[in-house]
Amino acid sequence: MKLHEYQAKQVFADAGIPTPSSQLAETVDAAVDAADDIGYPVAIKAQVQVGGRGKAGGIKLVDDAEEARAAAEDILGMDLKGYTVDRVLVEEAVDFTNELYVGVTMDRGEGKPVAMVSTRGGVNIEEVAAEDPDAIAREHIDPSFGMHPYQARKAVYDAGVDREVAGDVASVLTTLYELWTEKDGSDAEINPLMVTSDDEVIAADAVMNIDEDALFRHPDLAEMQDEAAEDDLEAKANEYGFDYVRLDGNVGIIGNGAGLVMTTLDLVDYYGGEPANFLDIGGGAKAERVTNALDMVFSDENVDAVVFNIFGGITRGDEVAKGINTALEQFDEIPKRVVVRLAGTNAEEGMEILNTDLVTVEATLEDAVQRAVEYAEEDSQ
Amino acid sequence: MKLHEYQAKQVFADAGIPTPSSQLAETVDAAVDAADDIGYPVAIKAQVQVGGRGKAGGIKLVDDAEEARAAAEDILGMDLKGYTVDRVLVEEAVDFTNELYVGVTMDRGEGKPVAMVSTRGGVNIEEVAAEDPDAIAREHIDPSFGMHPYQARKAVYDAGVDREVAGDVASVLTTLYELWTEKDGSDAEINPLMVTSDDEVIAADAVMNIDEDALFRHPDLAEMQDEAAEDDLEAKANEYGFDYVRLDGNVGIIGNGAGLVMTTLDLVDYYGGEPANFLDIGGGAKAERVTNALDMVFSDENVDAVVFNIFGGITRGDEVAKGINTALEQFDEIPKRVVVRLAGTNAEEGMEILNTDLVTVEATLEDAVQRAVEYAEEDSQ
Amino acid sequence: MSVLVDEDTRVVVQGITGGEGKFHTEQMMEYGTNVVAGAVPGKGGQEVAGVPVYDTVDQAAREEDANASVVFVPPAFAGDALFEALDAPVDLVVAITEGIPTQDMSRVYKRLSETDTHLVGPNCPGVITPGVAKLGILPGNIFSSGNVGLVSRSGTLTYQVVDNLTERGLGQTTAIGIGGDPIIGTDFTDALELFEADEETEAVVMCGEIGGEDEEEAAQFIAENMDTPVVGFIAGRTAPPGKRMGHAGAIVSGSGTGTAESKISALEDAGTPVGDTPEEVADHIEEIL
Amino acid sequence: MSVLVDEDTRVVVQGITGGEGKFHTEQMMEYGTNVVAGAVPGKGGQEVAGVPVYDTVDQAAREEDANASVVFVPPAFAGDALFEALDAPVDLVVAITEGIPTQDMSRVYKRLSETDTHLVGPNCPGVITPGVAKLGILPGNIFSSGNVGLVSRSGTLTYQVVDNLTERGLGQTTAIGIGGDPIIGTDFTDALELFEADEETEAVVMCGEIGGEDEEEAAQFIAENMDTPVVGFIAGRTAPPGKRMGHAGAIVSGSGTGTAESKISALEDAGTPVGDTPEEVADHIEEIL
């Protein structure tokens, strides 16, 4: 779960990391008022969770109220890589002499956190990592001890940060690590961490992504999640408790188990179709979950046909089949053709139960996917 | 550094460990008022840092104001194993069905903390440990991870605590461990942790000893230290920054380095004398520290002679000698005879400088100690 | 022969009194697994499915000589349950629980490095040695005894692949679901090492998916250390970057690491054929044996 | 020969820019110690006593090939400094600092168990191989080269004993001050093991004191594993229970563990003579050699 810049900055500021003064605005008038309030120059920054906002015109620096109004008008409502901007952060423009990068993430290969510092801040750090890995100082953290003070210093000095600001940068990194730990972060980043002419450091951007599996112990962050959701269907999936990812194609996909659903997507692609989504309904297939899953897929206007792929393990195939029938019987008219493939325990009994005019049944995964791709082509609008 | 019971209970209560209601009183009237306020029966408990207060008459259970007055009169001002009682804790008397023990300490052999639980609470736990070690469940804690919840449960179940209260006892142990860590405890104990008839647990006593080397990061506890000091000379030693321990003999001892001072004490004993104190003046021997050390030893009315044993390492013997002379010249009359033994770097030059009528100089440790023992016998009052 | 699980495996079930724990205990026992104890704090002295329950794993392991644990404890408490199992100690811990916070697992992983215990999972279907015992939630009926080792990050995908194998009469020595989380105990390389050392395993199926670099490391291990042939499958070819595909670990990073292409080409470079469909995986195994 | 410190020891001094750090760096260099670097955060690029200072121990060790560290960092920061030294890594860390909180040392001790580094101290005078090098604050002039190994929990008591030895012409291979804290790196047993393996060391003096059970464990080690004769001394025979005698570790517990009697009888049971006075220690050594 990704926090918005304005949310992450609030979290950082509360922990004592210096951030520029800023206000969130949802209308042009509010943005101009905020800019007047903060004092010019200010930056007007689109609050959408896509990288490269600046290049795409989502961040503008303005020197007076007139420019502020023009910028807010431009940015509010604009489309940034598929997302509509409905909030801007109006922020004090900081005069800087240097831009650093500091970040904390989980190195899954090592199974431990890694703290990172670079003097190449203000640009895409993944590009820096790819082109010049040595430009980023990395310090792995033993999660049982946490980050020792010397490790923060080591990362900072190894990165070549000036001695004048090294102590402050180490202290920001320490706080960032503590926040990352305390909030169950997956990634926490400040890019750039600006250095001013009088050797102050200030977080000009803020990234804080949270481990969704840990949200149960962070009710405050879980609240932010709702505010952060960008897509109506993804918000609905959160509500239903599904793992759901929206894609660009027209074959709706429902299945149980992440690997099997991914494989179904891959097969749709392999047989010439285009997957519209990833939707894992998880273990079991009670009628309610099946209904919700179909509701989600049918709600996606891109979808032209649906493949429903269930491998019954402990769950018996006949029970799954009954769930599917009950769910589909609730519709007066089934909006899109649904192909079902059922395998595993009691699959044959299940397929008999499914032998109605509600769905098309196929015996193998390959056949089911090919049939759904066919339907989607036929019914594509 | 040992906190008083009332101080430790405050620390425990602040952390959420259930404790009986109580008030501290320094006069008989205040004690009776407190007892009236809390409601009878109450316990009146001497606040001195000695074990076995109960047996020695330092704790009394009273049922009404009259008894409270009598008990407070008895206890306030009484002498408990050499300490005068000048404060009592007036405390709600808890009705209990069971007495447990929970504690956390550092196992120095293992270099790690150990959490302990026993159902044999309310008695001297060291006796239990000696007679029936299995009656105490012990769980070593990895200090990098801290205590895992399962470890608290394991200690509690292994000790045989009833399932009805096991969860609450585990939670008290967890809090106790967290306090021990947060406050840099050396020992933290609740003995007894009482179990009431309705399966509540409540800390009827509280021990919290703090690592003196860590007081620099606990200003709140450092303040309590002054309040906790029991002995004027030991308080003075704190002020001067000396390691000082008062003993029962009449040969005052001053030296540099803990091992050498201990050895000097042992030699006093070996040669038939009785050491009056342990006093380590540490590295160097500036005149001021020598003056303070002599002041301490001369202030002890039991002292009849003094042995001053310095092994100059990096510090040069001539400088030490000058410090001793300067310090002793400040006295109009030197209260007790002082024997000095100087060894190590520039010891010979030092002994020449000391060749005055201020002190007696001896060349070897053995000779110096024997001479001081002799003086003490001659001058004993 | 087999790996990790055999006739001597004696299981304690952590969380045996919960709905899932109880149901799968019965299922495991029905399959022939020697479940000797349960462990649930505060439930000591009870019985579930005829099995005695203890308050701590340590007591269960001591009293019933358990040498393996299966963990059905909810995610909020599962990290602690894993520490408890590792400290008991038992030789094998199978963690079924899905949704354990990654930072909790990071600490467990550190502790694991200090022990000799094998941890499988979390967020995994378990381990099965067909005809002998299963530890976890795998449906026993689709497996059959034979010479193919199987290791997979996914549950139902494993069943799909096993189903294809079993249909053709290609039985399994042991199947290990290593789980779909970013930080897991036994990884592909660990599992491949076990299969390489197992005399009965004549071929191995390895079902990977997007995310991380475990498959790439496994490819290197195969190239350098394995005589037993391996057939691969990689799920998630169509996954977009930055999106978590169900499994917490199944995510292609924004910078393009963890892609299916990278994994497939690493395996192919190591001489390991990679099936485009589960059927093709079975085809490859059939050719090898 | 010698233990821990020899001609190849290359020292980085942590806290070299402080008063004590600078003074003892000069003293060590004067004695012949090869001090190659200092490490103080924020002071990188400076020089002290002609030695280059780096911001981190890692940089110092890398740039100057340091393999040992001496720590003069104040107690509040010393725990962190020890972690830094252990992670550099260097082969030997000598921690002079007195007053490090015990819980900090408990964490350092855990980390130490994960490394191959020898830690001597904290709260110790250091290690000296007479005529070769000293790491710490020991007064070099009282030592002389010879065949007696010395290990002690105390500083000035060590000097006293060494003085007695040197006066009689009994020189030392290496003297190790292991420090008076409750939790220390190298303990008596570790030191005795090093001396036992050292061909040149023909006898060992071990100066213990009240507190803990390290001397008792050493006695067991002597009885079971040592051919080299050992002479003991135990300070604190007259110490009352419950009082800290200067050293944080020198305390007889209320329950009576850590007493001088217990240590003396353990050593005597192991066949190790224990001197009543420092002079007697030298007498015993003289008899042995």
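First the proteins, then the strands, lettered A, B, ... as listed; each starts at 1.
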Looking at [X] and [Y], does any basic side-chain N land under 4.0 Å from a carboxylate oxygen?
| X | Y | answer |
| --- | --- | --- |
| A/Asp107 | A/Arg138 | no |
| C/Arg168 | C/Glu279 | yes |
| C/Asp214 | A/Arg108 | no |

A/Asp248 CG: over 12 foreign heavy atoms closer than 6.0 Å: no
Can you tell me if A/Glu348 has over 12 outside heavy atoms packed within less than 6.0 Å of its CD? no
Ring geometry between C/Phe72 and C/His24 (parallel below 30°, tilted from 30 to 60°, perpendicular above 60°): parallel
Part of [X] lying under 4.5 Å from any heavy atom of chain A:
| X | value |
| --- | --- |
| C/Glu280 | side chain |
| C/Asn141 | side chain |
| C/Ile100 | backbone |
| C/Glu209 | side chain |

Ignoring hydrogens and angles, state whether a donor on the side chain of A/His140 or A/Glu110 is under 3.5 Å from an acceptor on the partner side chain. no
Interface residues of residues 177-187 of chain A facing chain C - heavy atom cut-off under 4.5 Å: A/Trp180, A/Thr181, A/Asp184, A/Gly185
Residues in residues 104-117 of chain C near chain A [non-hydrogen atoms, under 4.5 Å]: C/Asp104, C/Ser106, C/Arg107, C/Tyr109, C/Lys110
Among residues 73-83 of chain C, which residues come closer than 4.5 Å to chain A, judged by heavy atom distances? C/Ala76
Testing C/Ile210, C/Thr259, C/Ile264 for side-chain contact (heavy atoms from CB on, under 4.5 Å) with C/Arg237, which one passes? C/Ile264
Report the residues that fulfil side chain to side chain contact (heavy atoms under 4.5 Å, CB included) with C/Leu165, sequence neighbours left out, ordered by chain and then residue number. C/Val148, C/Leu150, C/Val161, C/Leu170, C/Gln172, C/Val205, C/Ala282, C/Ile285
Heavy-atom cut-off 4.5 Å, strictly under: side chain, backbone, both or neither for A/Leu267 against chain C? side chain
Given the side-chain rings of A/Tyr240 and A/Phe242, with only the six-membered ring counted for Trp, is the space between their centroids under 6.0 Å? yes
